[in-house]
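Okay, structure first, notes after.
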Amino acid sequence: MADVLPFPKVRPDADPAVEPAEHDRPLREVIGDVLREERLDQERTLADVADDASVSLPYLSEVERGVKEVSSDVLAAICDALELPLADVLERSAERLRPMAGGGSAMVLLAA
């Protein structure tokens, strides 16, 4: 069996001063951004949403900052607390992760 090296956390040639492209960010960070933006748009506090979702305030903060991987059950509870369908969170996250083709035009697939 061949030796397998772990993926590096940072590319050796990457400039740490340059922010990674949105589609290069970990999914947990993008989902956290979507949840935080929605909470702020609703003008709600972390404490309010954490209480409604039955999660601790520090844990919700870590989820929003992309520090913690959120389980599907906890994500569903947070979405319920925000009255935001889980599908919307996933769609908004996918839009941010998908690199734009052709300098800003998105590809759309249509079923026949």
Side-chain angles (χ1 to χ4, degrees):
M1 184 176 212
D3 290 333
V4 178
L5 298 175
F7 286 107
K9 292 187 186 281
V10 178
R11 290 189 347 254
D13 62 334
D15 182 354
V18 176
E19 290 282 325
E22 190 78 27
H23 63 271
D24 290 338
R25 296 177 59 215
L27 178 59
R28 69 178 181 274
E29 290 181 8
V30 177
I31 287 175
D33 287 347
V34 170
L35 294 173
R36 181 185 313 105
E37 287 172 10
E38 183 65 30
R39 178 179 60 78
L40 293 174
D41 285 348
Q42 293 181 16
E43 298 181 355
R44 295 177 65 188
T45 65
L46 270 171
D48 176 44
V49 175
D51 186 51
D52 286 351
S54 299
V55 298
S56 72
L57 186 149
Y59 184 78
L60 179 58
S61 175
E62 289 177 328
V63 168
E64 284 190 0
R65 289 182 287 127
V67 174
K68 292 282 187 187
E69 294 280 356
V70 64
S71 73
S72 58
D73 291 335
V74 173
L75 180 57
I78 295 168
C79 289
D80 287 346
L82 291 168
E83 297 181 2
L84 177 67
L86 175 60
D88 288 357
V89 171
L90 298 176
E91 285 174 8
R92 287 162 61 176
S93 298
E95 287 171 4
R96 295 170 187 221
L97 289 169
R98 188 175 296 115
M100 299 302 274
S105 63
M107 182 185 309
V108 178
L109 299 177
L110 302 175

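Position 1 is the first residue of the sequence, and the numbers go up from there.
The distance from the CG atom of Leu60 to the CG atom of Asp51 is 11.0 Å, given to the nearest 0.5 Å. With values rounded to the nearest 0.5 angstrom, Cys79 atom SG is found 5.5 Å from Leu84 atom CG.
Contact annotation: the side chain of Arg36 approaches that of Arg65 to within less than 4.5 Å [non-hydrogen atoms, C-beta and beyond]. Residues Leu27 and Glu69 are not in side-chain contact: their nearest non-hydrogen atoms beyond the backbone lie 4.5 Å or more apart. By the 4.5 Å heavy-atom criterion applied to side chains, Arg44 and Asp52 are counted as neighbours. Using a 4.5 Å heavy-atom threshold, the side chains of Leu46 and Glu64 count as touching.
Under the 4.5 Å side-chain heavy-atom criterion for grouping Ile, Leu, Val, Met, Phe, Trp and Tyr, Ile31 is not connected to Val67 through any hydrophobic cluster. Following chains of ILVMFWY side-chain contacts shorter than 4.5 Å, one can reach Leu86 starting from Val30, so the two form part of one hydrophobic cluster.
Between Asp48 and Arg39, none of the side-chain N atoms (NZ, or NE/NH1/NH2) sits under 4.0 Å from a carboxylate O, so this pair counts as no salt bridge. A salt bridge is defined here as a Lys NZ or Arg NE, NH1 or NH2 lying under 4.0 Å from an Asp or Glu carboxylate O, and Glu29 with Lys68 fails to meet this definition.
Gln42 places a side-chain N or O within 3.5 Å of a backbone atom of Leu82 that can act as its donor or acceptor partner.
Between Leu75 and Val70, the closest heavy-atom pair is N-CG2, 3.6 Å.
Within the structure, side chain to side chain donor-acceptor pair (under 3.5 Å) contacts touching residues 71-94 (residues at least two apart or in different chains) are Glu38-Arg92.
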